[in-house]
Amino acid sequence: SMSGFSTSKDSNTVFGQQLKESQFGHHSPTAVRLNNGSFGACPTMVLSDVADLRAKWLSNPDDFWNYDLATGFLNSSDAIAKELFNDKSMGKEVAVVDNLTTAIAIITDSIVANVKEANSVIITSNMTYNAVRLAVKHGCALANDRTPNLDLSIVSVEIPFPISCDYGDSAAVNEAIIGSYREVFERVRAEDKKIVLAFLDHITSVPAILMPVRELIALCREYSTAEIVVDGAHAPGQVDLTAGGLLQLTGGPVGDRAADYYVANLHKWCFAPPTCAFLWVSPSAPSRHLLHHPIVSHRYDEVSLVSAPSGSMVAAPGGKLDGTVSEQAPIPIFAECAMLGTRDYAPMLAVPSCFRFVASLGGLDAIRERNSVLCAQAVRLLCAAWDTEQFAQHASLRTCSMAMVGCPAVFGSSWEASEKMRLALRDKYSIIIQKLYPVPGDRLYLRLSIAVYNSIEEFEALSTAVLEMLGDLQGSIG
């Protein structure tokens, strides 16, 4: 049994059922939650800090607003930079926001909607998250309304899945994805169009695929892409952003620069309360000065967080307390994100608390190691029980906490069949899963999400439920 599983580093760290009881007791006692990837989960330890922050506001909102808010945002930015990028000084490049949707809206409203140059295109893919795709579409519509004959269009790359190539070779697998981008870039170049913005995924949602993001960024640069946005919704907590992640993406001279913007959620895999996300802005991003929050409030176009009544300064990320600015002139987006009128800021100020919880479990590496072990175990269990296979996906494209497992083919292979199966598991067995991914003519693939509070027994329950449903289905067919 895995429910008492402990990591090699710290034999006292307990995951699974015991952790669920101690830190996630607020979860529904009847629901089997196997979809952490969608909304995440917040432990009691962090929720108690959130409650303290809210109580502090309720007790004296004037003081909180004037003295605690700016400092709280700076502490959250610094915690993200230190814990995820291993470089606290990058805190000045991080804007803390409520949701990845907000971070994307900042980019689409500020950059996409203001494209003025004819023959421009935006790059997305068939794996781009729907909310992101729609935000880009809206930005393009605004740009086309504002500039006559602009004809700004979206070009979507068709990433093939499952990939038919030699699965023993990660280079071949990467090439299948990169090749689909190169084909589109060649076409764009042949039509003499300019790529003003490319939206890349770090980890796609459904199906869950760890993309060769470094190689894709290099390819974007090769084809003179003006700016690159990486959607890392699922990455913090699953991918080490210091090794082969964000820092290596951003290192190097400006001419060889990597991503311009990196957006990610902290409530999915970093235990933040609902909801908390961030936008990282490269010091060399060409349009960084154009960035504004879609909600205009008191800090519009200001580059530092001033705390009233004394007029004492609190430096905004990018600025310094003595009023001087860092290498690049500071930009207003950081201050704008830290003051959006009266609202509940507690989840965004609780970031340091999330990383204290991570530390209590032995750190992000220990969590990843434990989740990947349980993930592999759950995949083996389900594939054996259902006589199916894991999604044709090379190991280099897999994440530690999510996997795609084939369902028995008799359940169908359409979105309609997907919804039917998801609802049946919910209604009859109280098992909560993400929508299943249909590969037409093949089968449905189930996205497993492996969280710290999950245990192998829960996947045994899923296995048994599907076999029972299979029996009922074959009985009704027979």
Handout entry: Donor-acceptor under 3.5 Å (S360 side chain, F357 main chain)
Key = yes
Exercise for the section: Report yes or no: does R422 contribute a side-chain atom to a donor-acceptor pair with the main-chain N or O of L436 at less than 3.5 Å? Expected result: no
Fill in the blank from the handout: So CG of L291 and CD1 of I106: to nearest 0.5 Å the spacing works out to 7.5 Å
Exercise for the section: Determine which pairs satisfy side chain to side chain donor-acceptor pair (under 3.5 Å) with at least one residue from residues 100-110, sequence neighbours left out, and list them in order. Expected result: D98-T102, N99-T101
Problem - Main-chain N/O of A31 paired to S430 side chain as donor or acceptor, under 3.5 Å - result: no
Exercise for the section: For N66 and D62, indicate whether the former's side chain and the latter's backbone hold a donor-acceptor pair under 3.5 Å. Expected result: yes
Practice task
For the residue pair V263 and V132, establish whether any side-chain heavy-atom pair is separated by less than 4.5 Å.
Solution key: no
Problem - Side-chain heavy-atom pair I122, V196 within 4.5 angstrom cut-off - result: yes
Problem - Nearest heavy-atom neighbours spanning Y262 and G232 - result: OH-CA, 3.6 Å
Fill in the blank from the handout: For residues 21-50, the salt bridge (Lys or Arg N to Asp or Glu O under 4.0 Å) pairs (sequence neighbours left out) are D49-R356
Exercise for the section: Verify, without hydrogens or angle tests, whether E93 (side chain) and P283 (backbone) share a donor-acceptor contact under 3.5 angstrom. Expected result: no
Problem - Intermediate values then yes/no, side chain to side chain contact (heavy atoms under 4.5 Å, CB included), C220 and Y181 - result: CA-CA 9 Å; C220 285; Y181 274 88; 5.7 Å; no
Problem - Rounded distance (nearest 0.5 Å) linking atom NE2 of H234 with atom CG of N36 - result: 9.5 Å
Exercise for the section: Please determine, by modelled atom types, if S401 and N371 share a side-chain donor-acceptor pair under 3.5 angstrom. Expected result: yes
Practice task
Let me see the working for L210 and S396 under side chain to side chain contact (heavy atoms under 4.5 Å, CB included), right down to the final yes or no.
Solution key: CA-CA 7 Å; L210 177 63; S396 66; over 6 Å; no
Exercise for the section: For Y437, look at atom OH and say whether over 12 heavy atoms of other residues, nucleotides or ligands are found less than 6.0 Å away. Expected result: yes
Practice task
Check whether more than 12 heavy atoms from other residues, nucleotides or ligands sit under 6.0 Å from atom CZ of R426, and answer yes or no.
Solution key: no
Problem - Closest heavy-atom pair and its distance - A95, C337 - result: CB-SG, 4.0 Å
Exercise for the section: Measure the shortest side-chain to side-chain distance between V405 and C383 over non-hydrogen atoms and say whether it is less than 4.5 angstrom. Expected result: yes
Exercise for the section: Could you go through the side chain to side chain contact (heavy atoms under 4.5 Å, CB included) check for V466 and L425 one step at a time? Expected result: CA-CA 8 Å; V466 169; L425 281 167; 4.2 Å; yes
Handout entry: Y429 vs V32 side-chain heavy atoms within contact, under 4.5 Å
Key = no
Practice task
Could you tell me whether a side-chain N or O of T388 sits under 3.5 Å from a main-chain N or O of C407, the two making a donor and an acceptor?
Solution key: no
Exercise for the section: State the CD-CZ distance between E336 and F334, to the nearest 0.5 angstrom. Expected result: 11.0 Å
Exercise for the section: Hey, could you give me the CD1/OG1 distance between I154 and T128, rounded to the nearest 0.5 Å? Expected result: 9.5 Å
Exercise for the section: For the residue pair P347 and R54, establish whether any side-chain heavy-atom pair is separated by less than 4.5 Å. Expected result: yes
Problem - Side-chain donor/acceptor of H267 to backbone N/O of C276, under 3.5 Å - result: yes
Exercise for the section: Check whether any side-chain heavy atom of D87 lies under 4.5 Å from a side-chain heavy atom of T242, and answer yes or no. Expected result: no
Handout entry: Side-chain touch V452/Q23, heavy atoms, less than 4.5 angstrom
Key = no
Handout entry: Donor-acceptor pair, side chain of S205 and main chain of Y129, under 3.5 angstrom
Key = no
Practice task
For E175, check salt bridge (Lys or Arg N to Asp or Glu O under 4.0 Å) against everything at least two apart and list the hits.
Solution key: R182
Practice task
Nearest 0.5 Å please: distance from the OG1 atom of T399 over to the CZ atom of R368.
Solution key: 11.0 Å
Practice task
Would you name the heavy atoms of K56 and D68 that are closest together and state the gap between them?
Solution key: CE-OD2, 3.3 Å
Handout entry: Geometric class of the F85/F278 ring pair [parallel <30°, tilted 30-60°, perpendicular >60°]
Key = perpendicular
Practice task
Considering non-hydrogen atoms only, spot the tightest contact between G341 and S297 and give its length.
Solution key: N-OG, 3.4 Å
Exercise for the section: Please tell me if the side chains of L397 and N174 come closer than 4.5 Å, counting only heavy atoms from C-beta onward. Expected result: yes
Exercise for the section: Under the salt bridge (Lys or Arg N to Asp or Glu O under 4.0 Å) rule, collect the residues that match up with E158, sequence neighbours excluded. Expected result: none
Practice task
Give a yes or no answer on whether the side chain of D260 reaches the backbone of I228 with a donor-acceptor pair at less than 3.5 Å.
Solution key: yes
Practice task
Could you verify whether a donor N or O on one side chain and an acceptor N or O on the other, from S38 and N35, lie under 3.5 Å apart?
Solution key: yes
Handout entry: Side chain K88, main chain A81, donor-acceptor under 3.5 Å
Key = no
Problem - Partner set under salt bridge (Lys or Arg N to Asp or Glu O under 4.0 Å) for D52, not counting sequence neighbours - result: none
Handout entry: With K20 via salt bridge (Lys or Arg N to Asp or Glu O under 4.0 Å) - residues at least two apart
Key = E458
Exercise for the section: State, without any angle test, whether S287 and E227 hold a side-chain donor-acceptor pair at a distance under 3.5 Å. Expected result: yes
Practice task
Identify the heavy atoms of N75 and P352 that sit nearest to each other, and give their distance.
Solution key: O-CG, 4.0 Å
Problem - Test log, rule side chain to side chain contact (heavy atoms under 4.5 Å, CB included), inputs F64 and L349 - result: CA-CA 12 Å; F64 195 103; L349 304 185; 3.6 Å; yes
Fill in the blank from the handout: Here the pair of heavy atoms bringing L84 nearest to P236 is CD1-CB, 3.8 Å
Problem - Euclidean distance, Y261 OH relative to L197 CG, rounded to 0.5 Å - result: 7.5 Å
